[in-house]
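Here is the structure we will look at, set down as structure tokens.
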Amino acid sequence: MSWHDLAGKNMISVKDWSKEELDILLKVAGDLKSRHYSGESLNILENETFMMLFFNSSTRTRQSFEAGMSQLGGHSQFLAPETMRISINREPGGGESIKDTTRVMGRYSEGVGVRILEDKVDYYGQGTEIMYEMGKYSSVPIINMASDIYHPCQSMTDIMTMQEKVGDLKDKKIAVTWAYSPWVRSWGSIQSNILTSALFGMDVNLAHPAGYDLDPDVLDMTEENAKKSGGSFTVTNDMDEAIEDADIVYPRNWMSPDRYEIGKEKEIEMAGQHKEWKYTKEKQETADPGHLLHCMPVDRGNEVSDEIMDDPDLSFVYDQAENRLHLQKGLMALTMEGEF
Ligand code: CP
């Protein structure tokens with residue numbers, strides 16, 4: 001296939017892209033990163049506009065997409081839905097439909113990014129459903145900037161970073177482990193990471209306390225991906241078991257499957273029963289070597305100790321955050337018909 005075959009393609013989940021397409025994305029992202037560092041001025045998306053519809057807050061995603069469009073010679077527009085006519089409430093009189101808003105956005109832009117999750121949705125899956133609905137009506141690619149189920153820009157950045165740092169991912173072991181935080185966070189980054197890491201041939205060890213199971217459909221797809229790639233996928237309720245001999249450790253909090261029934265306060269109370277689920281130096285000493293991967297923001301002192309966060313030999317997190325920029329430049333250049 002040609003790079004140009006990716007023009008117009010939505011990126012809502014990595015499950016909708018083939019391994020070959022994802023490899024092209026990584027190649028283009030790596031190339032754009034090298035060209036950025038060699039000081040080359042690029043106008044791949046000159047005169048193009050990327051719309052960014054943020055229902056939820058962001059540090060990295062907004063800044064990296066915005067900087068990425070500037071670096072490619074285009075422009076991005078930050079959109080706060082409360083300043084627009086759109087409503088995800090389907091009641092008559094609730095506001096402008098998703099269909100109409102999406103069709104109009106495509107008349108002004110060459111790509112649309114959306115973030116919707118956590119307290120902005122009424123039930124698990126609604127944010128992702130909205131993105132697929134937008135994808136149905138949009139004349140330009142829809143890019144998931146984090147939904148309640150998936151965060152593909154993050155998970156492809158995770159792969160890019162791990163490949164840069166440890167090389168071929170086949171037979172490398174990643175421990176993706178629940179960690180304590182009162183922030184009670186969403187599932188997208190973790191679910192996308194296990195899906196994608198398994199697709200790239202890693203041995204994925206998922207660990208969480210009882211009661212924090214991930215989406216069964218995502219677990220099934222991860223198992224399938226591991227079978228296809230020659231990797232493996234295991235699930236345990238023992239953090240130490242998952243971390244032992246791991247090349248990479250990804251300690252991150254997530255909510256229980258009952259979040260939308262029991263509410264946030266109850267979630268915080270439940271999470272508080274597992275404060276020992278923290279990535280510490282003591283645990284790292286059992287890994288091999290247990291480099292830290294994390295989508296950020298990190299709850300320092302809860303999810304992971306400062307000692308590991310601030311150890312440049314162990315922590316990948318700032319390079320990983322930077323790679324959001326390069327990965328998303330590759331994604332926009334490919335899907336928004338960039339002039340390479
Ligand atoms: N990892 C990530 O998506 O960060 P932000 O929430 O700050 O965008």
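When a ligand or atom number is given, it counts from 1 through the structure's own listing order.
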(request) Starting from atom 7 (O) of ligand 1, locate the nearest protein heavy atom and write down its residue, its atom name and how far away it is, to 0.1 Å. (result) Thr59 N, 2.7 Å
(message) Among all protein heavy atoms in this structure, tell me which lies nearest to atom 2 (C) of ligand 1, with the distance rounded to 0.1 Å.
(response) Arg324 NH1, 3.4 Å
(request) Please work out which of Ala146, Cys295, Cys153 has its closest non-hydrogen atom nearest to atom 1 (N) of ligand 1. (result) Cys295
(message) Just to be sure I'm reading this right: ignoring hydrogens, which of Arg60, His151, Gln63 gets closest to atom 3 (O) of ligand 1? Compare them by their nearest heavy atoms.
(response) His151
(message) So, regarding Pro297 and ligand 1 (criterion: nitrogen or oxygen to nitrogen or oxygen, under 3.5 Å), is there a contact or not?
(response) no
(message) What I want to know is whether Arg62 and ligand 1 share at least one N or O pair that is separated by under 3.5 angstrom.
(response) no
(request) Mark yes or no for whether Lys172, through its side chain, and Gly167, through its backbone, hold a donor-acceptor pair below 3.5 Å. (result) no
(message) Between Tyr260 and Glu118 (side chain of the first, backbone of the second, donor and acceptor by atom type, cut-off under 3.5 Å), is there such a pair?
(response) yes
(message) Show the atoms of ligand 1 that are less than 4.0 angstrom away from any heavy atom in Met296.
(response) 1 (N), 2 (C), 4 (O)
(message) So if I count the atoms of ligand 1 from 1 in the order they appear, which ones are less than 4.0 Å from some heavy atom of Thr61?
(response) 2 (C), 3 (O), 5 (P), 8 (O)
(message) Checking Tyr123 against Glu129: is there a side-chain donor and acceptor pair closer than 3.5 Å?
(response) yes
(message) Checking side-chain polar atoms at under 3.5 Å, does Asp215 have a donor or acceptor matched by the opposite partner on Tyr124?
(response) yes
(request) State yes or no: are the ring centers of Trp178 and His274 separated by less than 6.0 Å? (result) yes
(request) Could you tell me whether Arg115 approaches ligand 1 through its side chain, its backbone, both or neither, with non-hydrogen atoms closer than 4.0 Å? (result) side chain
(message) For residues 253-269, which residue pairs pass the salt bridge (Lys or Arg N to Asp or Glu O under 4.0 Å) check, not counting sequence neighbours?
(response) Lys266-Glu269
(request) For Met145 and ligand 1, answer yes if some heavy atom of the residue is under 4.0 Å from a ligand atom, otherwise no. (result) no
(message) Restricting to non-hydrogen atoms, name the atom on Met296 and the atom on Ala321 that form the minimum distance, rounded to 0.1 Å.
(response) SD-CB, 4.2 Å
